[in-house]
Participant: 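Before we start, here is the structure in question, set down as structure tokens.
Position 1 is the first residue of the sequence, and the numbers go up from there.
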Amino acid sequence: MTRHSSFFSAFRSDACLVVVALLLMAPLVAASAPGAGAVSGTVTIDRAYIRTDGPKHDRDVVITLAPVGEGPALSSGFRATMDQSRLVFEPHVLAVPVGATVTFLNSDNEQHNVYFLDDRTGETLDIGTWGPGVSVDHTFATPGMIITLCMLHLEMAAYVVVSPSPWFIQVEFESANDPATFEIRDVPPGRYELSAWHKKLKQKGGPIPISIESGSDFEVDIVITKARFAGASR
């Protein structure tokens, strides 16, 4: 049985193994644009500790390359799945492009709920409660970070990171001491801002301006740290 839900109307106005593959997914561009380049580099943790084990680990970081001065580009037919299994949302972090549809699946033998909290606005949306084997499709039409909860099991929490552009990638840290590497390919020439999202840490110095020339590659190092250190110069 499948039910369907559209994305926040308020936001418009103002199994599970399949999604694990998204942890290292490539940018969502069907074909290379003429003169397309690439942005690659490392993400390093500074003066902070991350938890690398357990279902609510801190390993994930999402790198987004957003065009300067352009609105979000809706994805065409992108789909992903977030499962509820053993009282855990899987995956813990899911990155998708704006306009993507996510299937929320209940693989447990009891009822589950899916409840969203928009990190930017504080807006909430309860998309429903359903039983074992039932799934609900939800389309994310606004970029941002959505905290995903189950009102029936308050210990359950996950994050949906909705990228404003198709040029993003989700990677993992092995430990706080080892940098994570990333590469975003097929980036058309133009001006962009490169930003990193982590559920606990902030990007040091804020978004990084990137200029892609025809056929060029750009290398950059990103540092994430505790919020009190994030305003310091890179």
Participant: Quick check: closest heavy atoms across Ile222 and Ala196, and the distance to 0.1 Å?
Facilitator: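 Where Ile222 meets Ala196 most closely, the heavy atoms are CG2-CB, 3.9 Å.
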Participant: For Pro164 versus Val98, what's the shortest heavy-atom pair and its separation?
Facilitator: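 For Pro164 versus Val98, the nearest heavy atoms are O-CG1, 4.1 Å.
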Participant: According to side-chain contact (heavy atoms from CB on, under 4.5 Å), who are the partners of Asp217, at least two apart in sequence or on a separate chain?
Facilitator: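 With sequence neighbours excluded, Asp217 shows a side-chain contact (heavy atoms from CB on, under 4.5 Å) to Ala38, given in chain and number order.
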Participant: Among all residues two or more places apart in sequence or in another chain, which pass the side-chain contact (heavy atoms from CB on, under 4.5 Å) test with Lys226?
Facilitator: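 Lys226: side-chain contact (heavy atoms from CB on, under 4.5 Å) contacts with Ala48, Leu201, Arg228, Phe229.
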Participant: Does some side-chain heavy atom of Phe182 sit less than 4.5 Å from a side-chain heavy atom of Val220?
Facilitator: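 Yes - at least one pair of side-chain heavy atoms lies under 4.5 Å apart.
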Participant: Taking all non-hydrogen atoms of both residues, which atom of Gly206 and which atom of Gln203 are closest, and how far apart?
Facilitator: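 Of all heavy-atom pairs spanning Gly206 and Gln203, the closest is O-NE2, 3.1 Å.
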Participant: Using atom types as modelled and distance alone, determine if a side-chain donor or acceptor of Ser165 lies under 3.5 Å from a backbone N or O of Leu65.
Facilitator: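 Yes, Ser165 side chain to Leu65 backbone: donor-acceptor pair under 3.5 Å.
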Participant: Is the shortest side-chain heavy-atom distance between Val96 and Val160 below 4.5 Å?
Facilitator: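 Contact flag for Val96/Val160 side chains = yes.
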Participant: Nearest 0.5 Å, please: how far is OG in Ser175 from CG in Asp53?
Facilitator: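 These two atoms lie 12.5 Å from each other.
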Participant: Hey, is the main chain of Asp46 close enough, under 3.5 Å, to the side chain of Thr225 for a donor-acceptor pair?
Facilitator: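 A pair under 3.5 Å: yes.
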Participant: Are the side chain of Glu172 and the backbone N or O of Arg59 linked by a donor-acceptor pair below 3.5 Å?
Facilitator: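 Absent.
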Participant: Apply side chain to side chain contact (heavy atoms under 4.5 Å, CB included) to the pair Tyr159 and Asp119, showing each step before the final yes or no.
Facilitator: CA-CA 10 Å; Tyr159 302 85; Asp119 185 60; over 6 Å; no
Participant: What closest approach, in Å, do Asp186 and Trp167 show between heavy atoms, and which atom pair accounts for it?
Facilitator: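 That would be O-NE1, 3.1 Å.
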Participant: Rounded to the nearest 0.5 Å, how far does OG1 of Thr148 lie from CG of Leu117?
Facilitator: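 These two atoms lie 9.5 Å from each other.
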Participant: Just how far is it from atom OH of Tyr49 to atom CG of Asp58, taken to the nearest 0.5 Å?
Facilitator: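 Going from the OH atom of Tyr49 to the CG atom of Asp58 covers 8.0 Å.
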Participant: Heavy atoms, side chains only, cut-off 4.5 Å: are Asp108 and Leu87 in contact?
Facilitator: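 The answer is yes; the side chains approach within 4.5 Å.
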Participant: Classify the ring geometry of His138 against Phe116: parallel below 30°, tilted from 30° to 60°, perpendicular beyond 60°.
Facilitator: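 Tilted, since the angle between the ring planes falls between 30° and 60°.
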Participant: Take Ile50 and His198, measure what side chain to side chain contact (heavy atoms under 4.5 Å, CB included) needs, and give me the verdict at the end.
Facilitator: CA-CA 10 Å; Ile50 63 167; His198 185 271; 4.1 Å; yes
Participant: Where the side chain of Asn106 meets the backbone of Val134, is there a donor-acceptor pair that is under 3.5 Å apart?
Facilitator: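 Checking the backbone N and O of Val134 against the side chain of Asn106, no donor-acceptor pair under 3.5 Å is found.
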Participant: For Ala230 and Lys202, work out which heavy atoms get closest and say how close.
Facilitator: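 Nearest heavy atoms, Ala230 then Lys202: CB-CB, 3.7 Å.
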Participant: Say you draw a straight line from OG1 of Thr64 to CG of Leu194; how long is it, rounded to the nearest 0.5 Å?
Facilitator: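 It is 8.0 Å, given to the nearest 0.5 Å.
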Participant: Could you tell me if His153 and Glu110 have a donor-acceptor pair between their side chains, going purely by distance under 3.5 Å?
Facilitator: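 Glu110 vs His153: donor-acceptor pair found between side chains.
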Participant: Using 0.5 Å steps for rounding, measure from the CG atom of Leu105 to the CD atom of Gln84.
Facilitator: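 If I round to the nearest 0.5 Å, the distance is 8.0 Å.
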Participant: Partners of Thr103 by side-chain contact (heavy atoms from CB on, under 4.5 Å), sequence neighbours excluded?
Facilitator: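 Partners of Thr103 by the side-chain contact (heavy atoms from CB on, under 4.5 Å) criterion, ordered by chain and then number, come out as Arg79, Thr81, Ser135, Asp137.
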Participant: Is the number of heavy atoms from other residues, nucleotides or ligands under 6.0 Å of Arg191 CZ greater than 12?
Facilitator: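 Counting neighbours around CZ of Arg191, 12 or fewer heavy atoms of other residues, nucleotides or ligands fall under 6.0 Å, so no.
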Participant: Got Val43 and Phe173 here, is their nearest side-chain heavy-atom distance under 4.5 Å?
Facilitator: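 Answer yes - side chains close enough.
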Participant: Would Asp126 and Asn113 count as a side chain to side chain contact (heavy atoms under 4.5 Å, CB included) if you check the C-alpha gap in whole Å, the side-chain angles of each, and the deciding distance to 0.1 Å?
Facilitator: CA-CA 8 Å; Asp126 186 340; Asn113 166 268; 2.9 Å; yes
Participant: Check step by step if side chain to side chain contact (heavy atoms under 4.5 Å, CB included) holds for His57 and Thr52.
Facilitator: CA-CA 5 Å; His57 57 76; Thr52 58; 5.7 Å; no
Participant: Using modelled atom types and a 3.5 Å cut-off, is there a donor and acceptor pairing between side-chain atoms of Lys199 and backbone atoms of Asp60?
Facilitator: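 Judged by distance alone, no pair lies under 3.5 Å.
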Participant: Looking at every heavy atom in both Phe89 and Cys150, which two are closest together, and how far apart are they?
Facilitator: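 Minimum heavy-atom contact is CE1-N, 4.0 Å.
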Participant: Report the distance from atom CD1 of Ile146 to atom CZ of Arg120, rounding to the nearest 0.5 Å.
Facilitator: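 Interatomic distance, Ile146 CD1 to Arg120 CZ, rounded to 0.5 Å: 6.5 Å.
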